[in-house]
Visitor: 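Submitted below is the structure of interest, expressed as structure tokens.
Chain identifiers are assigned alphabetically (A, B, ...) following the order of the sequence lines, protein sequences preceding nucleic acid strands; residue numbering begins at 1 within each chain. All figures in this text were calculated on a predicted structure; none of them were measured in a lab. Just so it is clear, the values below take in all heavy atoms, side chains as well, and ignore hydrogens, waters and symmetry mates.
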Amino acid sequence: MTIEEQIRNSVNEGLLALYEVKINDDVKLQATTPPHEGDLTIVVFAFTRFSKKSPEVTGTEIGEYLVKHSGIVSGFNVIKGFLNLSISSSVWMKTFLHTYDAIRVGRVPVWIADSPRTVMVEYSSPNTNKPLHLGHIRNILLGYAVSEILISAGHKVVKANLINDRGIHICKSMIAWKLFGNGETPQSSGMKGDHLVGKYYVKFDQQYKDEVGKLIAGGLDEKEAKNTAPIMLEAQSMLRKWEAGDAETIALWKMMNGWVYEGFDISYKRLGVDFDQYYYESETYLLGKNLVKEGLKADTLYQKEDGSVWADLGEEGFEDKVLLRSDGTSVYITQDLGTADLKFQQYDLDKSIYIVGNEQDHHFKVLKAILKKLGKTWYDRIFHLSYGMVNLPSGKMKSREGTVVDADELMDEMFTTAKETTTEAGKISEFSETEANELFTKLGMSALKYYILKVDPQKTMLFNPSESIDFNGNTGTFIQYTYARISSVLRKAGTTDALQLFRTVNVNSEKTIEEKEKALIKMLYDYKRATCDAATNLSPALIAAYAYDLAKSFNQFYHECPIADVADIPRSVFRLQLAESAAAQIKHALALLGIEVPERM
RNA sequence: GGUCCCAUAGCUCAACCGGACAGAGCAUCAGUUUUCUAAACUGAGGGUUCCAGGUUCGAGUCCUGGUGGGAUCACCA
């Protein structure tokens, strides 16, 4: 039973004994805020209606009861309606020893869900016509971290990537390459495949603008010019050929997509993320059509005279939505209906999470409404994890204005900055080149990942390229530094005869503990709450906040308390165990965010 | 225009289910190293939580109305 549960039970008993009431809702418990003395605080306003006494008197009565009967409360004070409880230090010691028992054998105690679920997390989901950018990075890091958090809570997670590998936008880069590429390949140009294809996507846009401009100058109105520009007509013709299975077009498509996948794989590997299941839209885009046909047969959808098929969403408060064009082809949402269904056919999913930007909020509401209409009982298990955009100081990233922050370039820059900063610090002179490069990668990626993941997913965030990303303060690097520091202490203690027994000796739970030691124990204890909150809210930001608080708490402890001191072996044993626990939890928390720790830096 | 989201220190972000004097980091200023890694630690200054009402013992948080910003409402994806 946790400390909180014990307190709650005792309070309930106390209310029964003192005022003869049984309350149904949970007792409000919170950590005592610093200026006040105590560990946990109960807000007693809610109980005054039972006691018929002032908040102060009520608090005092409950406090007295808890000291007498709970077995873990050593003292209390009441300020206004707040009952501040001090928990016996032996209770804190016992929680720590319990934690350390697990850590000693390589397990970090985290929150585990009562019943494990099967969850799909779809993330990344790129188009195959351009390289990944900063927006994708937020998506990918969120998807990976959310998956890892759910896995650590005991759930079975399928990491999925739905690749948008077909459609008019893919044909645009294909036609531009065909017209202007002169057979250029990643090998011949030395360009990463996704960047090469992206180059032709840009080329298409330039050429298209050019042609539209000339047509307008030649007397056409804008709409007409846009519809009749030769390169656009060629792209459309290419899409028709693709859909008809034209061998030459398919070959070109396969070749160029292959380049893109090679490029993406490199980026994914650098980001340290992986997938269990790939879906390709070229293979799933027709599935939705069948659902629509069934819906039409069942009369849950309707057809207009021109042949187009619609969903009536009046009841849901939305406009009607077209699902099949009058020419019988499917639209974007139709494909999504199909893949949503496929996911549930393939896996027995309790939850299907989509990591997709908040610009698609409306799309997902409509998607669920249509699935409901089609009689898919699982429609409610779909969850859109809607995250905010990443903006620049100048505003939105725009590919046409060239303000997009490229993922690979950004990672390069992070590496370089890590290298410069580390070289300046001058602590790694004995590192081999390979070791040094590994370290720069760990530090650079950590700075980037933490910077993005510490922000509440839901919120729009700002990225300032000129200020780049910090390595001091509330950063991934700071947390890694704390880990490396602990490693250093443990390493040295491990080679000292008198101290190395910290790994085998047991600490007496009746030992007195100092303020910073207790603060650290409380932080360590808090990890279960943090992992619980992160898993239930699907928020890596909560893990980031925890990791930072833990690191800060350790640094304060480190500053004030000698850890490895041969003059006081029993004390050092305890502190080394504390340090080892902090290191293990930091490592675990960062791993949930996809961040690796260095042993030295 | 309809719908949805957002607004907290100069800047970037916190604040669990409505709880105490709204917290960190960066930046600014002042300190700490013969001692376990100073990428650290300690301290100072910095706030009408966009505005106006309301609910409540208590509101940054909930409700109503404004202001400002963003997204979305295609036989685009």
Visitor: Taking the same atom, P, in B:rU28 and in B:rU33, what whole-Å distance lies between them?
Guide: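 Those two atoms are separated by 22 Å.
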Visitor: What does A:Cys561 touch in the nucleic acid at a heavy-atom separation under 4.0 angstrom: a base, only the sugar-phosphate, or nothing?
Guide: base
Visitor: Across the strands shown, which category fits A:Val43 at heavy-atom distances under 4.0 angstrom: base, sugar-phosphate, nothing?
Guide: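 Contact class for A:Val43: base.
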Visitor: Tell me which nucleotide, if any, is Watson-Crick or G-U wobble paired with B:rG18 when both distances must be under 3.5 Å.
Guide: none
Visitor: Please state the P separation for the pair B:rU61 and B:rU49 - nearest whole angstrom.
Guide: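 It works out to 10 Å between them.
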Visitor: Answer with base, sugar-phosphate or nothing: what part of the nucleic acid does A:Ser386 contact at a heavy-atom distance below 4.0 Å?
Guide: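 A:Ser386: no heavy atom of the nucleic acid under 4.0 Å.
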Visitor: Rounded to the Å, how far apart are A:Ile563 CD1 and B:rU35 P?
Guide: 16 Å
Visitor: Quantified in whole Å, what is the P atom distance between nucleotide B:rG69 and nucleotide B:rU64?
Guide: 22 Å
Visitor: Could you check whether A:Ser86 and A:Asp39, counting side-chain N and O atoms only, form a donor-acceptor pair closer than 3.5 Å?
Guide: no
Visitor: Heavy atoms under 4.0 Å, any strand shown: does A:Arg529 hit a base, just sugar-phosphate, or nothing?
Guide: nothing
Visitor: Whole angstroms only, please: what is the CD-P distance between A:Glu4 and B:rC17?
Guide: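 Those two atoms, CD and P, are 16 Å apart.
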Visitor: Can you tell me if the side-chain N/O atoms of A:Arg166 get under 4.0 Å from OP1 or OP2 in B:rA77?
Guide: no
Visitor: With the side chain of A:Lys459 defined as its heavy atoms from C-beta on, choose the nearest nucleotide among B:rA7, B:rC13, B:rA15.
Guide: B:rA7
Visitor: So what does A:Tyr481 touch, heavy atoms closer than 4.0 Å: a base, only the sugar-phosphate, or nothing?
Guide: base
Visitor: Does A:Glu359 or A:Glu560 map to a spot on RNA chain B nearer the 5' end, using the closest nucleotide for each?
Guide: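 Per heavy-atom nearest nucleotide, the more 5' residue is A:Glu560.
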Visitor: Are A:Thr477 and A:Tyr481 packed together at the side-chain level, in the sense that at least one heavy-atom pair is separated by less than 4.5 angstrom?
Guide: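 A side-chain contact under 4.5 Å is absent here.
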Visitor: Taking A:Arg503 first and then A:Glu580, would you say they form a salt bridge - that is, a charged N and a carboxylate O separated by under 4.0 Å?
Guide: yes
Visitor: Measure from the ring center of A:Phe383 to the ring center of A:Tyr354 and say whether it is less than 6.0 Å.
Guide: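 Ring centroids of A:Phe383 and A:Tyr354 are no less than 6.0 Å from each other.
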Visitor: For a quick check of understanding: with a heavy-atom distance under 4.0 Å over all strands, which category does A:Lys28 fall into, base, sugar-phosphate or nothing?
Guide: base
Visitor: When you compare B:rC17 with B:rC62, how far apart are their C1' atoms, in angstrom units rounded to a whole number?
Guide: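 Approximately 12 Å lies between the C1' atom of B:rC17 and that of B:rC62.
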Visitor: Can you find a side chain N or O atom of A:Gln30 that sits less than 4.0 Å from OP1 or OP2 on B:rC16?
Guide: no
Visitor: Which part of the nucleic acid does A:Glu467 contact within heavy-atom distance under 4.0 Å: base, sugar-phosphate only, or nothing?
Guide: nothing
Visitor: If you look at every strand shown and take non-hydrogen atoms under 4.0 Å, does A:Leu443 touch a base, only sugar-phosphate, or nothing?
Guide: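 Base, at least one base heavy atom under 4.0 Å.
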Visitor: Roughly how many Å apart are B:rC13 and B:rC73, using the P atom of each and rounding to a whole number?
Guide: 26 Å
Visitor: Specify the glycosidic conformation (syn or anti) of B:rC62, with syn defined as within 90° of 0.
Guide: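 Judged by the O4'-C1' to base torsion, B:rC62 sits in anti, the angle falling more than 90° away from 0.
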Visitor: Tell me whether A:His36 and B:rA20 count as stacked here, given that the ring centres must be under 5.5 Å apart and the planes must differ by less than 30 degrees.
Guide: yes
Visitor: Assign A:Asn164 to base, sugar-phosphate, or nothing according to its heavy-atom contacts below 4.0 angstrom with the strands shown.
Guide: sugar-phosphate
Visitor: Please state how far atom CG in A:Leu462 lies from atom P in B:rC6, giving the value in whole angstrom units.
Guide: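 Atom CG in A:Leu462 sits about 18 Å away from atom P in B:rC6.
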Visitor: How many whole angstroms separate atom CG of A:Asp361 from atom P of B:rG2?
Guide: 19 Å
Visitor: Please pick, from B:rA77, B:rC13, B:rC26, the nucleotide with the shortest atom-to-atom distance to any side-chain atom of A:Gln360.
Guide: B:rA77
Visitor: Kindly indicate whether the side chain of A:Thr41 and the base of B:rA20 share any N or O donor-acceptor pair separated by less than 3.5 Å?
Guide: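 Looking at the base of B:rA20, it does pair with a donor or acceptor on the side chain of A:Thr41 (distance under 3.5 Å).
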Visitor: I want to verify a distance call: between B:rC6, B:rA14, B:rC41, whose nearest atom is closest to the A:Phe478 side chain?
Guide: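 The closest nucleotide is B:rC41.
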Visitor: How is A:Asp456 classified with respect to the nucleic acid when contacts are heavy atoms under 4.0 Å: base, sugar-phosphate, or nothing?
Guide: sugar-phosphate
Visitor: Check whether the side chain of A:Thr460 and the base of B:rA71 form a donor-acceptor pair under 3.5 Å.
Guide: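 No, the side chain and the base share no sub-3.5 Å donor-acceptor pair.
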Visitor: Measure the distance from NE2 on A:His559 to C1' on B:rU32 and round it to the nearest whole Å.
Guide: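 It works out to 6 Å between those atoms.
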Visitor: Is A:Met389 touching bases, backbone alone, or none of the nucleic acid, heavy atoms closer than 4.0 Å?
Guide: nothing
Visitor: On RNA chain B, does the nearest nucleotide to A:Ala418 precede the nearest nucleotide to A:Pro457 from the 5' side, or the other way round? Give the residue.
Guide: A:Pro457
Visitor: When you compare the side chain of A:Val78 with that of A:Ile62, does any pair of heavy atoms fall below 4.5 Å?
Guide: no
Visitor: Using the P atom in both, what is the distance from B:rA9 to B:rG46, to the nearest Å?
Guide: 15 Å
Visitor: Given atom OH of A:Tyr332 and atom P of B:rC73, what is their separation to the nearest angstrom?
Guide: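 The answer, rounded to whole Å, is 11 Å.
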Visitor: Within the structure, does a side-chain N or O atom of A:Lys321 lie under 4.0 Å from either OP1 or OP2 of B:rC76?
Guide: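 So the side-chain polar atoms of A:Lys321 never come under 4.0 Å of the phosphate oxygens OP1 or OP2 of B:rC76.
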Visitor: Looking only at atom C1', what distance separates B:rC4 and B:rU48, rounded to whole Å?
Guide: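 Result for the C1' pair: 29 Å, nearest Å.
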Visitor: To the nearest angstrom, how far is A:Asn129 atom CG from B:rA77 atom P?
Guide: 13 Å
Visitor: Would you say a side-chain N or O of A:Lys365 is under 4.0 Å from OP1 or OP2 of B:rC73?
Guide: no
Visitor: A:Tyr558 stacking on B:rA40: centroids under 5.5 Å, ring planes under 30°?
Guide: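 No; centroid distance or tilt outside limits.
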Visitor: What's A:Lys492 touching, base or sugar-phosphate or nothing? Going by heavy atoms closer than 4.0 Å.
Guide: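 Touches sugar-phosphate only.
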Visitor: Among residues 543-555 of chain A, which residues get a heavy atom nearer than 4.0 Å to RNA chain B?
Guide: A:Tyr548, A:Lys552, A:Asn555
Visitor: Would you measure the distance from the C1' atom in B:rC76 across to the matching atom in B:rU67 and give it in whole Å?
Guide: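 Result for the C1' pair: 34 Å, nearest Å.
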Visitor: Are A:Tyr450 and A:Ile595 close enough that some pair of their side-chain heavy atoms sits under 4.5 Å apart?
Guide: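 A side-chain contact under 4.5 Å exists here.
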Visitor: Mark this stacking check for A:Phe82 against B:rA20 as yes or no, applying ring centres under 5.5 Å and ring planes under 30°.
Guide: yes
Visitor: Is the distance between the ring centroids of A:Phe554 and A:Phe557 under 6.0 Å?
Guide: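 Yes - the distance between ring centres of A:Phe554 and A:Phe557 falls below the 6.0 Å cut-off.
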Visitor: Between P on B:rU72 and CD on A:Glu319, what's the gap in Å once rounded to a whole number?
Guide: 16 Å
Visitor: Where is the tightest heavy-atom contact between A:Gln500 and A:Gly494, given as atom of each residue plus distance?
Guide: OE1-O, 2.9 Å
